[in-house]
Amino acid sequence: MFTIELSEDDRRRIDDLVAEILDGHGRPDAPELLDRITVWAQDMPRAVRTAANHFRLHEPSGGCLFTGFRVDDDAIGDTPAHWGGARANGTAREDLFLLLCASLLGDPIAWATQQGGRLLHDVMPIKGHESEQINSSTSAPLWWHTEDAFHPCRAHYVGLLCLRNPDAVETTYAVFDDLDLDEETVRTLMEPRYVIRPDESHLPKNRGGQDGDAPRELMERSFSWVAEMNSNPPLIPVLFGDPKAPYGRLDPYFMDRRDDDPEAMAAFDRFVKEIDDKLTSVVLKPGDALFIDNYKSVHGRKPYAARYDGRDRWLRRVNVTRDLRSSRATRVAAGARVIH
Ligand SMILES: NC(=[NH2+])NCCC[C@H](N)C(=O)O
Ligand SMILES: O=C(O)CCC(=O)C(=O)O
Ligand SMILES: [Fe+2]
């Protein structure tokens with residue numbers, strides 16, 4: 001893991017910067033603030049910017065961990081019971097830190113069909129979701145995946161800022177660079193012979209009764225597109241880019257077994273087994289911001305027991321793209337962040 005350790009001085013400067021921005025804007029999701037977040041990020045300490053730039057440009061690792069930020073456990077309040085409730089502003093400092101780090105790597109984006117179209121997501125236990133395959137599950141492992149693997153505009157990075165992790169729950173990951181795959185297997189995996197369906201976090205049953213402020217018609221279009229990807233998914237490659245250091249997209253839990261293409265399935269099974277063998281983990285502690293490279297690695301989570309007492313494990317999540325323009329057809333304006 002590529003690690004950026006904040007020094008005492010970095011920490012102080014970032015705290016001052018965050019306070020200055022919040023003084024001017026009040027909320028981390030204020031539109032004028034988001035319009036300028038890339039500019040504000042230039043006021044992060046130069047050593048932090050230099051390290052993030054190295055990670056982004058040279059891709060030395062499947063993830064970048066910013067460590068050393070201090071979470072104010074009293075100020076953030078209770079871990080929410082659901083992402084859909086009214087939000088207190090208790091995590092404003094933490095949210096802004098996550099957005100500033102994200103903006104060193106690219107542009108934050110959101111999904112109309114996920115967590116009410118919000119830019120920042122909550123990752124915490126939800127009663128009734130215990131054994132699901134969405135991030136609010138607990139008792140079942142969250143099977144490793146590419147984030148939003150089915151989506152052509154999926155993020156280049158997934159940022160996870162830990163607010164609480166009292167039981168030291170492990171986030172799992174594996175990096176494609178570390179896998180032993182023969183050339184023939186890689187060649188097969190680079191061919192459009194695979195089916196990935198939308199994961200359940202985008203389905204209407206997890207809509208949570210909140211659609212943000214998007215017009216109804218647009219929301220219907222967004223959910224119908226997901227439904228179309230579910231009923232009529234295209235054949236796609238799971239590896240792409242340089243065969244010697246390939247990028248990938250896969251979420252085996254939501255992929256089809258194709259009986260009509262045993263060769264493709266055999267290559268896929270070798271790939272999955274390699275990932276299983278190389279899967280490792282990291283325990284995020286409060287203040288850690290982990291940016292998973294969503295092209296170079298997969299991630300998931302080990303099971304744990306929920307408490308439902310306001311002290312549960314809690315992360316904030318953001319999707320980051322290096323190419324905002326590639327999703328222009330599904331965003332309402334050049335500077336809009338929600339993908340429909
Ligand atoms: N294999 C899986 N469980 N894939 C789905 C991953 C979790 C999903 N992206 C969520 O936000 O909840
Ligand atoms: O809870 C974790 O550590 C990872 C959750 C996850 O995969 C996600 O929210 O995308
Ligand atoms: Fe994930």
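Everything numeric here is computed off the predicted structure, so don't read it as measured data. Order of listing sets the numbers, starting from 1, for every ligand and every atom in it. In what follows, every heavy atom counts, from backbone to side chain, and hydrogens, waters and symmetry copies are set aside.
Residue Leu315 has at least one heavy-atom neighbour below 4.0 Å for each of these atoms of ligand 2: 1 (O), 2 (C), 3 (O). With ligand atoms numbered from 1 in the order given, ligand 1 contributes 12 (O) to contacts under 4.0 Å with heavy atoms of Ile134. Ligand 2 places these atoms under 4.0 Å from at least one heavy atom of Arg313: 1 (O), 2 (C), 3 (O). Per-residue contacts place Glu147 under 4.0 angstrom from the following atoms of ligand 2 (heavy atoms of the residue considered): 10 (O). In summary, the atoms of ligand 2 found under 4.0 Å from a heavy atom of Leu142, numbered by their order in the structure, are 5 (C), 6 (C), 7 (O). Using a 4.0 Å cut-off to heavy atoms of Leu142, the atoms of ligand 1 that qualify are 3 (N). Close contacts between ligand 2 and Thr171 involve ligand atoms 2 (C), 3 (O) [criterion: under 4.0 Å to a heavy atom]. The atoms of ligand 2 that sit less than 4.0 Å from any heavy atom of Val123 are 1 (O), 9 (O). Shown in contact with His299 at under 4.0 Å from a heavy atom are these atoms of ligand 2, numbered in order with element: 6 (C), 7 (O), 10 (O).
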**Item:** Audit row: Trp314, Val123, side-chain contact (heavy atoms from CB on, under 4.5 Å) steps and yes/no
**Value:** CA-CA 6 Å; Trp314 185 15; Val123 181; 6.0 Å; no
**Message:** Does Arg154 form a side chain to side chain donor-acceptor pair (under 3.5 Å) with Thr146? I'd like the steps, not just the answer.
**Reply:** CA-CA 9 Å; Arg154 69 202 170 283; Thr146 300; over 6 Å; no
**Request:** Kindly indicate, with the supporting measurements, whether the criterion side chain to side chain donor-acceptor pair (under 3.5 Å) is fulfilled by Asn53 and Thr50.
**Result:** CA-CA 5 Å; Asn53 177 64; Thr50 303; over 6 Å; no
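Protein heavy atom nearest atom 12 (O) of ligand 1, with residue, atom name and distance: Asn135 N, 2.7 Å. Closest to atom 9 (O) of ligand 2, if we only count protein heavy atoms, is Arg317 NH1, 2.9 Å. Regarding atom 3 (N) of ligand 1, its nearest protein heavy-atom neighbour is Gln133 OE1, 2.8 Å.
Using cut-offs of 30° and 60° for the angle between ring planes, the Phe176 and Phe271 rings count as tilted. Using cut-offs of 30° and 60° for the angle between ring planes, the Trp111 and His151 rings count as tilted. Ring pair Tyr295/Phe240 is perpendicular by interplanar angle, where above 60° counts as perpendicular and below 30° as parallel. In this pair, Phe55 and Tyr157 present their aromatic rings tilted. The plane angle is within the 30 to 60° band.
Between Val48 and Ile4, the shortest heavy-atom distance links the atoms O-CD1, 4.1 Å.
Only the side chain of His145 comes within 4.0 Å of ligand 1, counting heavy atoms alone; its backbone N, CA, C and O stay farther away. Residue Gln114 touches ligand 1 through its side chain alone, judged by heavy-atom distances below 4.0 Å. Residue contacts with ligand 2 for His121 are absent, since no atom lies close enough (heavy atoms, distance under 4.0 Å). Counting heavy atoms closer than 4.0 Å to ligand 1, residue Glu147 contributes side-chain atoms (C-beta onward) but none from N, CA, C or O. Residue Val169 does not touch ligand 2, judged by heavy-atom distances below 4.0 Å.
Asp251 and Trp143 are not linked by any side-chain donor-acceptor pair at a separation below 3.5 angstrom, with hydrogens and angles left out of the test. Donor-acceptor pairing under 3.5 Å is lacking for the side chains of Asp293 and Ser297. Side chain to side chain, Arg301 and Ser137 meet the donor-acceptor criterion of an N or O pair below 3.5 Å. In summary, the side chains of Ser7 and Asp9 do not present any donor paired with an acceptor at a separation below 3.5 Å, with no hydrogens or angles considered.
Neighbouring protein atoms of the Fe ion (ligand 3) (N, O or S, distance under 2.8 Å, waters ignored): His145 NE2, Glu147 OE1, His299 NE2.
Within a 6.0 Å radius of CD in Glu228, more than 12 heavy atoms belonging to other residues, nucleotides or ligands are found. Taking a 6.0 Å sphere around CD of Glu32, one finds it holds more than 12 heavy atoms contributed by other residues, nucleotides or ligands. Residue Glu217 places its CD atom among 12 or fewer non-hydrogen atoms of other residues, nucleotides or ligands, all under 6.0 Å distant.
Residue-ligand proximity: Arg317 is placed with a non-hydrogen atom under 4.0 Å from ligand 1. Contact between His145 and ligand 2 is present, with at least one heavy atom of the residue lying under 4.0 Å from the ligand.
For His202 and Phe150, the distance between ring centers is under 6.0 angstrom.
Every N/O-N/O distance between Asp148 and ligand 1 stays at or above 3.5 Å. Some N or O of Asp251 is nearer than 3.5 Å to an N or O of ligand 1, by distance alone.
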